[in-house]
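This report refers to the structure that appears directly beneath it.
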2 protein chains.
Amino acid sequence: MTVTLKDIARQVNRSVTTVSRALHDYADVSPETRALVRRTAEQLGYVPNVVARRLQKQRADAIGLILPSYGPRLSDPLFADILSAAADEITRAGLDLLISIVHRPEDEVAPYYQRVGERRVDSVWVVHTRCHDRRIAYLLERRIPFVAGGRVLEDWVFPYVDVDYARGMHSLVSHLIQLGHRRIAFAGESAELTAVHYQREGFRHALQEHGLAIYEDLIVESNPTQRGGYDAAQTLLSRRDAPTAIIAGNDMMALGVMSAIQDQGLEVGSDVAVAGFGDIPLAETSHPTLTTVRVPAQQMGRVVGQMLVMSARGQEISNPYVLLQPELIIRQSTDLDLWL
Amino acid sequence: MTVTLKDIARQVNRSVTTVSRALHDYADVSPETRALVRRTAEQLGYVPNVVARRLQKQRADAIGLILPSYGPRLSDPLFADILSAAADEITRAGLDLLISIVHRPEDEVAPYYQRVGERRVDSVWVVHTRCHDRRIAYLLERRIPFVAGGRVLEDWVFPYVDVDYARGMHSLVSHLIQLGHRRIAFAGESAELTAVHYQREGFRHALQEHGLAIYEDLIVESNPTQRGGYDAAQTLLSRRDAPTAIIAGNDMMALGVMSAIQDQGLEVGSDVAVAGFGDIPLAETSHPTLTTVRVPAQQMGRVVGQMLVMSARGQEISNPYVLLQPELIIRQSTDLDLWL
DNA sequence: TTGTAAGCGTTATCAT
DNA sequence: ATGATAACGCTTACAA
């Protein structure tokens with residue numbers, strides 16, 4: 001049924017070797033043979049068997065993404081954009097992108113070793129890094145090629161792409177302070193996550209720099225969902241000395257924060273300012289529109305995709321430590337006068 | 001560096017054949033040998049090379065998802081949930097799920113043939129089916145194993161999982177009519193999509209059944225985004241004889257519809273009723289909360305995943321035509337009295 | 001310019 | 001109960 005090099009070879013009365021070389025445009029094949037082989041291959045509908053090639057080349061030509069079900073959800077718009085862009089880069093390069101889901105934290109490292117050991121993939125993509133990430137330690141220890149979406153707080157050396165959350169947070173807090181806010185809160189996901197760690201760091205640093213007090217009870221942890229934002233805001237607003245501004249770790253949380261404020265009969269932007277991180281499409285169309293720190297998701301995806309390709313090919317990664325700069329997008333939720 | 005069967009064989013002084021059989025629990029291996037082999041494999045850290053196995057078995061043990069960049073976005077919450085559940089089923093079965101992105105409609109069929117021909121995948125998953133879908137025609141013609149997420153309007157026979165949009169729409173329209181609405185609009189994506197076709201069909205059918213006129217100019221097409229819903233609502237509301245209820249093809253569009261209504265100074269739920277399809281998390285937390293036809297995304301994913309696994313294994317699919325029933329979720333956007 | 005032969009790591013067939 | 005041999009489809013020394 002399926003056509004192999006052997007079939008072509010028989011047809012054109014040449015050896016399999018010659019056919020292989022002809023198809024790969026080797027110089028030491030006569031033009032006539034090359035043409036004949038190509039024509040015949042076309043005619044017979046030859047499609048190379050990549051599995052055989054992989055066995056011979058000892059390369060899987062594939063990249064693995066292991067997605068913790070407790071980690072970034074595919075439905076997270078930002079992550080979806082990153083993933084799309086990365087998948088695009090990877091398929092463009094002729095490699096496969098394999099996705100698998102892992103449910104329990106205790107199973108989170110084994111799949112990496114397994115997939116690489118089994119030769120399913122050449123390199124893996126680690127997402128949602130934590131400050132002290134077992135996965136990274138494991139991969140480094142076993143010398144498994146990988147690229148991380150995010151840094152860690154250890155002084156380990158490995159390729160990563162990350163966003164400068166501290167800087168983004170700094171410009172956001174400065175913006176709020178300029179508007180006169182003195183009691184600013186931050187609600188983020190677990191501080192175990194490197195991203196959240198840097199958000200908190202930027203938060204504290206900005207307050208300090210402006211000579212403002214840091215109220216630790218205004219730094220809270222919550223789920224990275226709209227619901228999580230809602231709950232956190234409720235708690236914060238019920239405090240005596242409630243904050244006049246609430247920053248959320250991501251835009252979905254920020255939308256939840258806005259809901260909570262509105263449900264208390266307060267006005268977002270005047271009574272309480274709100275801001276998020278990400279700049280998902282909803283940020284622009286919410287009521288009021290949402291001030292946010294834009295994360296360059298597509299660029300992240302492109303870059304991480306390219307790095308993964310190099311890593312999978314065993315090439316040196318040209319620029320292995322990439323820190324992308326976010327951009328502050330000011331909208332109505334911090335400044336109602338804005339009519340965008 | 002990497003341990004193969006040969007290494008184990010040498011170590012235990014047996015043939016490669018025996019080692020292979022021992023590891024696969026064949027009956028014709030002595031208990032001692034089996035134990036010895038297992039122990040040694042463990043000790044040496046043997047990991048089977050699936051590429052070699054695939055070549056020998058002539059199976060890729062993998063499933064391909066080819067995602068049109070103009071089709072369902074990964075960030076579509078519903079699709080993300082379907083995909084997660086399917087990926088879970090697939091990896092549980094020991095198969096790989098490969099994702100690739102295709103950009104141009106003219107390139108949308110070739111990748112299927114290529115991936116299967118190259119033996120990268122055994123079976124493919126077609127999403128976002130259209131009424132007359134070239135992809136399905138192509139796959140059937142070439143006898144490529146596949147499972148479709150959605151039906152077509154041809155009388156072709158192939159395995160699919162779909163949602164009964166017509167029925168969902170019917171109960172939604174009935175609900176609105178009961179509330180007294182007579183001018184109901186529907187804004188959906190292109191009617192080329194089977195899902196939208198059935199939504200329209202259910203829409204017309206429900207009106208007919210209740211003896212109401214069908215105003216064709218209240219059936220409009222728009223992008224499946226919040227923006228698309230916003231624009232469609234603006235157009236609809238500017239008509240003389242504007243509708244008193246607007247149904248959107250999905251929840252994101254419905255949110256856009258709500259924004260447009262609010263921006264015109266009208267109240268959602270009293271002045272104009274709004275409903276969507278999907279029941280994404282945002283539907284429950286929007287202001288007002290959104291009436292919607294719940295799509296059982298996770299179940300869809302599980303089912304399609306299981307079907308793909310059977311298909312990839314060359315097994316007969318036990319129940320190849322699955323039509324899942326949606327559920328009407330009534331919230332404030334059609335009935336402001338509801339205090340949920 | 002072309003061909004022969006070996007090898008990638010596994011499984012299957014057929015002996016012993 | 002075990003082993004020798006071939007085969008899966010391809011690439012690549014090496015030889016001619």
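Proteins come first, then strands; the chains are lettered A, B, ... in the order of their sequence lines, and each starts at number 1. Predicted model only: the values in this text are computed from it and were never measured. Every heavy atom of this structure was used, including side-chain atoms; hydrogens, water molecules and symmetry mates were not.
- Smallest separation of non-hydrogen atoms from V47(A) and G117(B): CG1-C, 3.5 Å.
- Per the geometry, CG belonging to D25(A) stands 15 Å off C1' belonging to dT1(C), to the nearest Å.
- A sub-4.0 Å separation between OP1 or OP2 of dG9(D) and a side-chain N or O of T4(A) is absent.
- Protein atom CG of L55(B) is 7 Å distant from nucleotide atom P of dG9(D), rounded to whole Å.
- Comparing the end axes of the helix from dT1(C)-dA16(D) to dT16(C)-dA1(D), each fitted to five base pairs by superposing C1' atoms of four pairs onto the next four, gives an inter-axis angle of 40° (nearest 10 degrees).
- Interface residues of residues 115-123 of chain B facing DNA chain D, ordered by number: none; criterion, heavy-atom separation under 4.0 Å.
- No side-chain donor from either of T91(B) and S100(A) sits under 3.5 Å from a side-chain acceptor of the other.
- When the shell of 6.0 Å around CD of E316(A) is examined, it contains 12 or fewer heavy atoms from other residues, nucleotides or ligands.
- When rounded to the nearest whole Å, the span between CG of L23(A) and P of dG9(D) equals 16 Å.
- Remark: side-chain polar atoms of T40(B) are not paired, donor with acceptor, to backbone N or O of I8(B) under 3.5 angstrom.
- Dashed line: the shortest gap from a side-chain N or O of Q58(A) to OP1 or OP2 of dG9(C) is under 4.0 Å.
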Reading nucleotides 11-16 of chain C from 5' to 3' and marking B where a protein heavy atom lies under 4.0 Å of the base, S where only the sugar-phosphate is that close, and - otherwise, the string is BBBB--
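- D96(A) has no carboxylate O lying under 4.0 Å from a charged side-chain N of R120(A), or vice versa, which leaves the two without a salt bridge.
- Within the nucleic acid shown, D7(A) has no heavy atom closer than 4.0 Å to any nucleic acid atom.
- Spacing between atom CG of D61(A) and atom P of dG9(D) amounts to 19 Å, rounded to whole angstrom units.
- Not a single donor-acceptor pair under 3.5 Å links the side chain of D76(A) to the backbone N or O of R73(A).
- Formation of a donor-acceptor pair under 3.5 Å by the R54(B) side chain with backbone atoms of A60(B) is found in this model.
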For residues 133-148 of chain B, tabulate all N or O donor-acceptor pairs below 3.5 Å that involve a side-chain atom, not counting sequence neighbours.
unit_1, atom_1, unit_2, atom_2, d
D133(B), OD1, R135(B), N, 3.0
D133(B), OD1, R135(B), NE, 2.9
D133(B), OD2, R130(B), N, 2.8
D133(B), OD2, R135(B), NH2, 2.8
R134(B), NH1, P105(B), O, 3.1
R134(B), NH1, E108(B), OE2, 3.4
R135(B), NH1, V127(B), O, 3.1
R135(B), NH2, V127(B), O, 3.0
R135(B), NH2, H128(B), O, 3.0

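- Remark: E154(A) engages no residue in a salt bridge (charged side-chain N to carboxylate O under 4.0 Å, His left out) (not counting sequence neighbours).
- Counting non-hydrogen atoms under 4.0 angstrom, N49(B) reaches the backbone sugars and phosphates but no base.
- When rounded to the nearest whole Å, the span between CZ of R54(B) and P of dC10(D) equals 17 Å.
- Distance NZ (K6(A)) to P (dT4(C)): 14 Å, rounded to an integer number of Å.
- Put simply, the side chain of D81(B) never gets that close to the backbone of A297(B): no donor and acceptor are under 3.5 Å apart.
- When M307(A), Q306(A), M310(A) are each tested for a side chain to side chain contact (heavy atoms under 4.5 Å, CB included) with S318(A), only one passes: M310(A).
- With distances taken from any side-chain atom of A52(B) to the nucleotides dC8(C), dG9(C), dG3(C), the minimum falls on dG9(C).
- For the pair T18(B) and dT2(D), the criterion of a side-chain N or O lying under 4.0 Å from OP1 or OP2 is not met.
- Scanning residues 30-43 of chain B for heavy-atom distances under 4.0 Å to DNA chain D yields S30(B), T33(B).
- A distance-only check finds a donor-acceptor pair linking the side chain of R34(B) to the backbone of Y26(B) [under 3.5 Å].
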